[in-house]
Protein chains: 2
Amino acid sequence: MKRSRTGRRPGNPDTREAILAAARELFAEKGFDAATMRAIAAAAEVDPALVHHYFGTKEQLFVATMQFPMDPRELIDQVVAGGKDEAGVRLARVFVTIWDSPIGAIGASLVRSAMSNEWTMRLLREFLTTQILRRVQAELKLDTADAPLRASLVASQISGLALMRYIMKLEPLASLPADDVVAAVAPNLQRYITGDLGQDGTARP
Amino acid sequence: MKRSRTGRRPGNPDTREAILAAARELFAEKGFDAATMRAIAAAAEVDPALVHHYFGTKEQLFVATMQFPMDPRELIDQVVAGGKDEAGVRLARVFVTIWDSPIGAIGASLVRSAMSNEWTMRLLREFLTTQILRRVQAELKLDTADAPLRASLVASQISGLALMRYIMKLEPLASLPADDVVAAVAPNLQRYITGDLGQDGTARP
């Protein structure tokens with residue numbers, strides 16, 4: 001967490017909040033790609049230049065709307081650093097390290113609120129898809145045909161680990177030492193990333 | 001869903017509701033094993049014989065408190081029918097079949113409400129542990145030392161699949177044909193059930 005570009009918080013707090021509210025609404029409604037900085041600025045009734053000035057890029061604005069406590073790109077860099085053949089164990093390690101830290105409580109709270117609010121759920125799904133999964137796929141140079149399926153399977157295992165270990169606190173998984181969690185889960189993640197999924201990946205919808 | 005013992009609903013609706021409310025509270029607070037039928041009857045201010053008369057066994061009472069739309073024992077029978085070497089694919093098949101049906105919406109609603117209510121979460125965890133995971137372990141004759149860990153890892157994958165495919169509706173997993181989901185997920189479940197977890201299972205807390 002060395003970089004903290006969104007932590008600068010320049011400008012008028014009301015204007016910042018208006019931009020964040022407009023961004024949340026448009027990212028959830030139209031999706032990240034279709035929600036332009038211009039449209040967000042218009043909805044917040046500010047000049048587009050001000051949005052860039054306050055938040056930087058559209059990616060940075062999205063991170064700010066999620067109140068995500070760190071830049072996801074740093075996490076992704078750690079996961080992909082060893083290439084795709086090591087991605088399973090690195091992903092497990094990075095995930096467990098973050099969620100075992102105080103940041104885990106923020107993640108748990110975000111997941112919980114997404115469950116009770118349809119728009120927060122959409123926003124979280126859009127964030128997961130465009131800011132995390134899509135980038136990991138690109139960085140790992142996964143085959144494009146089945147990469148989205150692989151990414152969503154990885155998400156199913158990781159989100160279930162979050163749910164059982166950190167939110168529901170199901171034992172013995174909740175108290176299992178981090179190294180043992182990584183050893184147990186990493187090979188399953190690796191199969192989703194590079195293994196045989198038992199089907200013709202090119203036929204995915 | 002041939003059997004429907006909890007669907008009989010005999011007796012006074014107010015008494016039934018009082019028993020269910022007391023049972024929910026005690027199962028969540030003390031856990032399934034420690035919450036006796038006698039204590040539940042006392043909390044509901046009814047005779048213990050009436051609890052048995054209305055709901056049958058303590059297991060049946062728990063199923064009734066969860067408003068679970070089917071007897072979990074029937075599902076467990078299907079999962080364990082082929083023994084532990086087939087349990088991964090059978091579990092994937094049973095799970096996807098149930099959640100692809102209208103019952104899935106009930107499951108999704110239960111998971112969502114557990115997220116916003118700590119007591120519902122405890123109740124769901126207790127139900128999962130005592131009514132599903134413990135029985136599957138026993139039926140599959142898993143080695144007792146690491147069976148609870150294996151069960152909680154299975155729960156992490158299954159709950160994440162519920163979350164991503166049915167609740168968050170992450171694509172392409174959300175629209176993937178059931179057979180492809182089973183093919184993708186079953187080997188990972190099977191590894192959790194019978195595979196090498198990369199650690200000494202007897203050292204689990």
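Throughout, a chain's letter reflects where its sequence line sits, starting with A, and its residues are numbered from 1. Hydrogens, waters and symmetry mates are skipped; everything else that's a heavy atom, side chains included, is used. Everything numeric here is computed off the predicted structure, so don't read it as measured data.
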Picking from [options], which has the most non-hydrogen pairs under 4.5 angstrom with chain A?
options                      : result
B:Gly195, B:Ala184, B:Ala114 : B:Ala184
B:Lys169, B:Glu118, B:Arg150 : B:Lys169
B:Leu153, B:Leu124, B:Leu173 : B:Leu173
B:Pro187, B:Ala186, B:Ser116 : B:Pro187

Please give me the minimum heavy-atom distance between A:Met115 and A:Met121, naming the atom from each residue.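 Smallest heavy-atom distance, with atoms named: SD-CE, 4.0 Å.
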Charged N to carboxylate O below 4.0 Å: is that the case for B:Arg134 and B:Asp33?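 The answer is yes: the pair qualifies as a salt bridge.
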Tell me whether B:Arg191 is salt-bridged to B:Asp196, with the criterion being a basic N under 4.0 Å from an acidic carboxylate O. no
For [X], which atoms come within 4.5 Å of any heavy atom of chain B: side chain, backbone, both, or neither?
X        : result
A:Leu163 : side chain
A:Arg125 : both
A:Val185 : both

What part of B:Ile158 lies closer than 4.5 angstrom to a heavy atom of chain A: side chain, backbone, both or neither?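 Neither the backbone nor the side chain of B:Ile158 comes within 4.5 Å of chain A.
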For B:Thr65 and B:Phe127, what are the C-alpha separation, side-chain angles and deciding distance, and is it a side-chain contact (heavy atoms from CB on, under 4.5 Å)? CA-CA 10 Å; B:Thr65 67; B:Phe127 186 77; over 6 Å; no
Tell me yes or no: between the side chains of B:Glu171 and A:Ser152, is some donor less than 3.5 Å from an acceptor?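 No, A:Ser152 and B:Glu171 have no side-chain donor paired with an acceptor closer than 3.5 Å.
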Between B:Phe95 and B:Tyr166, how do the two ring planes meet: parallel, tilted or perpendicular, split at 30° and 60°?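 B:Phe95 and B:Tyr166: perpendicular rings.
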Once the angle between the rings of B:Phe32 and B:Phe62 is folded into 0 to 90°, is it parallel (under 30°), tilted (30 to 60°) or perpendicular (over 60°)?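 Correct class here is parallel.
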Could you have a look at A:Arg165, A:Gln157, A:Met164 and say which one has the most heavy-atom pairs with chain B under 4.5 angstrom?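 Highest number of heavy-atom pairs under 4.5 Å: A:Gln157.
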Return the option, out of A:Ala174, A:Ala151, A:Ala155, A:Ala162, with the maximum number of heavy-atom pairs under 4.5 Å with chain B. A:Ala155
